[in-house]
Amino acid sequence: MPSVTLDTSLTDALGAKTAGLFQRAFGMETVGDLLSHYPRRYARRGELTPIASLPLGEQVTIVAEVQSVSERSMKQRRGSIVEAVISDGAGALTLTFFNQKWRAAELAVGRQGMFSGKVGQFKGHQQLAHPVYTLFDDEDAARLNAEVAQHTPIPIYPATSTVASWQVQKAVEEVLDRLEPIADPLPDDFRRAHGLLGADRALRLLHAPDGFDDVDHARETLRAHEAFVLQTALLQQRQFVRAMAATARPAGDLLTRFNAHLPFERTADQRAVGDVIARDLEGDWPMNRLVQGEVGSGKTLVALRAMLQVAQSGGQSALIAPTEVLAAQHVRSIARMLGPDLAPELMPTLLTGQLHAAERRKAALRVASGQARIVVGTHALLSASTTFADLGLVVVDEQHRFGVEQRETLRAKGTSPHVLVLTATPIPRTVAMTVFGDLDVSTIRTLPPGRAGISTFVAPLAEKPGWFGRVWERITEEVAVGRQAFVVCAAIDAEATAKGGERDASGEAPVLEGEQPRTRWGVVQVRELLADMPAYADIRVETLHGKMPAEQKDAVMQAFARGEIDVLVATTVVEVGVDVPNASTMVILEADRFGVSQLHQLRGRVGRGEVPGLCLLVTEAPEGTPARSRVDAVAATTDGFALAEVDVELRGEGDVLGDAQSGARSSLRLLRVVADADLIALAREGAERVLEVDPALLHHPGLAEALTRRLGQQERAALAKN
């Protein structure tokens, strides 16, 4: 058989049939894809999997022993059923096969093997219907090899209903036998300094270890590979941006006039971050900066000052927001901050898809002519028909709501424009280093003075169901003293969701699913509940959700801001940007269905002025469950940066990072951004040293190959758009 490399297609390496199976199951295309599908755990021969802990409805691979086998005729139709009971010595599971008599002879009592299938239930007993399996060697062979076998780990791979773990193992063994030596991506001095294996040996030992010690050493090495390759890619992207020529945008009288009418003193953090951005805008290369800060910390003020600096030389700024409600509010807020002196001169303009045709044409003309030097919009800004006279600054609000392609489409409407990314979702240091390693990161930690703050409490209905009534009573008490309240639900209509109805098109489905049977409280159900409560007869209640027309959504939010609505029942459309200083109370129903950062964002809608904020997290999740842990964590602190770390620990960085930001995420196979923080920092330092002396990687061919392989054309294009 011919040798293979990591770039060899699976079709050439394993044949079209097997390659097609693996492509459909895992999206694999090459030998490298297959060999980066690492074992998720290792078993010992003779070590049995606890059957009692198997999750119902999930695909599992277990090691067990055949306890009994029987065959019987089917009652309702012709044919027979073979049933084999497998056991771990404590629990038991039934394997069921229809019209396959030969299974009875093959599954001899006492044989051990690996069994894979979907866990089902029949007459109260767990079963695997038509599972696939592989049996270990027969007893004589096993006895001869017992001493070796018990120390040899059996790799268990992530599997699907169509490809079992041992099918992956067989394919891996086949390509490893023919694999040409792999070039090492790590510089020799880095590898030696940290006691790491060579790349070729590490990959072989991870898939076919001689002992369990081999696994740890191989994992450590391959984690370092991931960290080093990713950090090199991000640093190269930073070099790429800094090789571009940018139009210098020095400050002038626009900023001076704005400062003169600012009715408050900027905080120390606002000043520090603003000064850094001001220097960036006068630099030789485009700014590429992420500004993170708590809700209400002044990110919009910092961004507006940057827009004024760009406008000084006739440049335009485009701020893209995730929702029309937020875009419209940004325009009003910017116009108010600019005041009657500057607003007419800069002409802040709203451009969204929901504008009437005539209004949209008028707005687009102001943008194309350069008359509007501040443009705020939603995805309409990305339209091919939207053109700018001189786009100098792109501001992305709430970066996690936008994919890479959308940001690049807007960026391409100018000539190397500066980019400022804003987020109110605090990002742990290691996540920022791993995900936004090509951006400069600034943080606004201090909040402006004069805020009354927020008190957060959990309403634990599992233990205290009577508290549900108290939640609604508490809202009436706030309304009675002239304040307003939000009630946030995880769905628009819980009954429609339960029946499999369409989810909210605006992406308002809860971020975490599957932990409870179904959503009980949607906007529709809460509205009906309050309509039947005598205490709410004179309280003005309105609803807001993503499926409402944009004009209606904006009208409701403006009415709420003016105090014409007492209680707003909404989905997470109110998560970002809604500023109602008189709103004192935030009730989040089924709070366990939301992530930590989302709960923190929603909570930030109250306590924004002189009125103290109250947040009630209503949950039926029992104490001690992961769902309840998230809710309790949010109630324990209002420090978003501390919660960001908790969020990563509770949910894992896969959920926290998301999928839309860049292709680099798909290469995090073994690396964990919290657990491996020190390794990531070491890798960044090492990558910086390499690129300093060898920016084109001419003397580091192994690293160059790894970059090309792990960050292929599509992923490198994605990175270039971050």
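Here, residue 1 is the first one in the sequence, and each next residue gets the next number.
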With a 3.5 Å distance limit and no angle check, can you tell me whether D33 reaches the backbone of T30 through a side-chain donor-acceptor pair? yes
Can you check whether W285 reaches S416 side chain to side chain, under 4.5 Å on heavy atoms? no
Could you tell me which residues satisfy salt bridge (Lys or Arg N to Asp or Glu O under 4.0 Å) with D280, sequence neighbours excluded, listed by chain and number? R289
I'd like to know if the side chain of R41 and the backbone of I156 have a donor-acceptor N/O pair within less than 3.5 Å. no
Are a donor atom and an acceptor atom from the side chains of D694 and H700 found within less than 3.5 Å of each other? yes
Heavy-atom check, side chain of L697 versus side chain of L691, under 4.5 Å: yes
Side chains of residues 12-28: which donor-acceptor partners sit under 3.5 Å, not counting sequence neighbours?
unit_1 : atom_1 : unit_2 : atom_2 : d
D12    : OD2    : S9     : OG     : 3.2
Q23    : NE2    : E29    : OE2    : 3.3
R24    : NH1    : G20    : O      : 3.4

List in chain and number order the residues that pass side chain to side chain contact (heavy atoms under 4.5 Å, CB included) with T221, two or more places apart in sequence or in another chain; answer none if no residue qualifies. L196, L197, A202, H217, H225
Please indicate whether D284 has more than 12 foreign heavy atoms, meaning atoms of other residues, nucleotides or ligands, lying under 6.0 Å from its CG. no
Are the side chains of V31 and T5 in contact, using a 4.5 Å heavy-atom criterion? no
Does any non-hydrogen side-chain atom of L290 lie less than 4.5 Å from one of L420? no
Is the shortest side-chain N to carboxylate O distance from K170 to E174 below 4.0 Å? no
Sequence neighbours left out, what pairs pass salt bridge (charged side-chain N to carboxylate O under 4.0 Å, His left out) with at least one residue falling in residues 187-197? D184-R191, D188-R191
Under the side-chain contact (heavy atoms from CB on, under 4.5 Å) rule, what do Y133 and L128 come out as? Steps first, then yes or no, please. CA-CA 11 Å; Y133 58 85; L128 300 180; over 6 Å; no
Does one side chain, of T96 or Q127, offer a donor that lies under 3.5 Å from an acceptor on the other? yes
Partners passing salt bridge (Lys or Arg N to Asp or Glu O under 4.0 Å) against R201 (at least two apart in sequence or in another chain): none
Check side chain to side chain contact (heavy atoms under 4.5 Å, CB included) between D200 and all other residues, then give those that pass, not counting sequence neighbours. P181, I182, R204
For E220, all residues meeting salt bridge (Lys or Arg N to Asp or Glu O under 4.0 Å), sequence neighbours excluded: none
Results of side chain to side chain contact (heavy atoms under 4.5 Å, CB included) for P158 - residues two or more places apart only: H37, R40
Please list, chain by chain and in numerical order, all residues satisfying salt bridge (Lys or Arg N to Asp or Glu O under 4.0 Å) with D7, sequence neighbours excluded. R709
Any side-chain donor paired with an acceptor under 3.5 Å for Q121 and Q126? no
For S116, side chain to side chain contact (heavy atoms under 4.5 Å, CB included) partners two or more places apart: Q59, T61, V132, A164, W166
Holding to side-chain hydrogen bond (donor to acceptor under 3.5 Å, both in side chains), I want the full list of residues that pass it with T160, two or more places apart in sequence or in another chain. T162
Within the 3.5 Å criterion, strictly below it, is a donor on S3 or E180 matched to an acceptor on the partner's side chain? yes
For Q292 and T443, which I'm curious about, is there any donor-acceptor pair between the side chains at under 3.5 Å? yes
Mind checking what makes side-chain hydrogen bond (donor to acceptor under 3.5 Å, both in side chains) contact with Y157, not counting sequence neighbours? H207
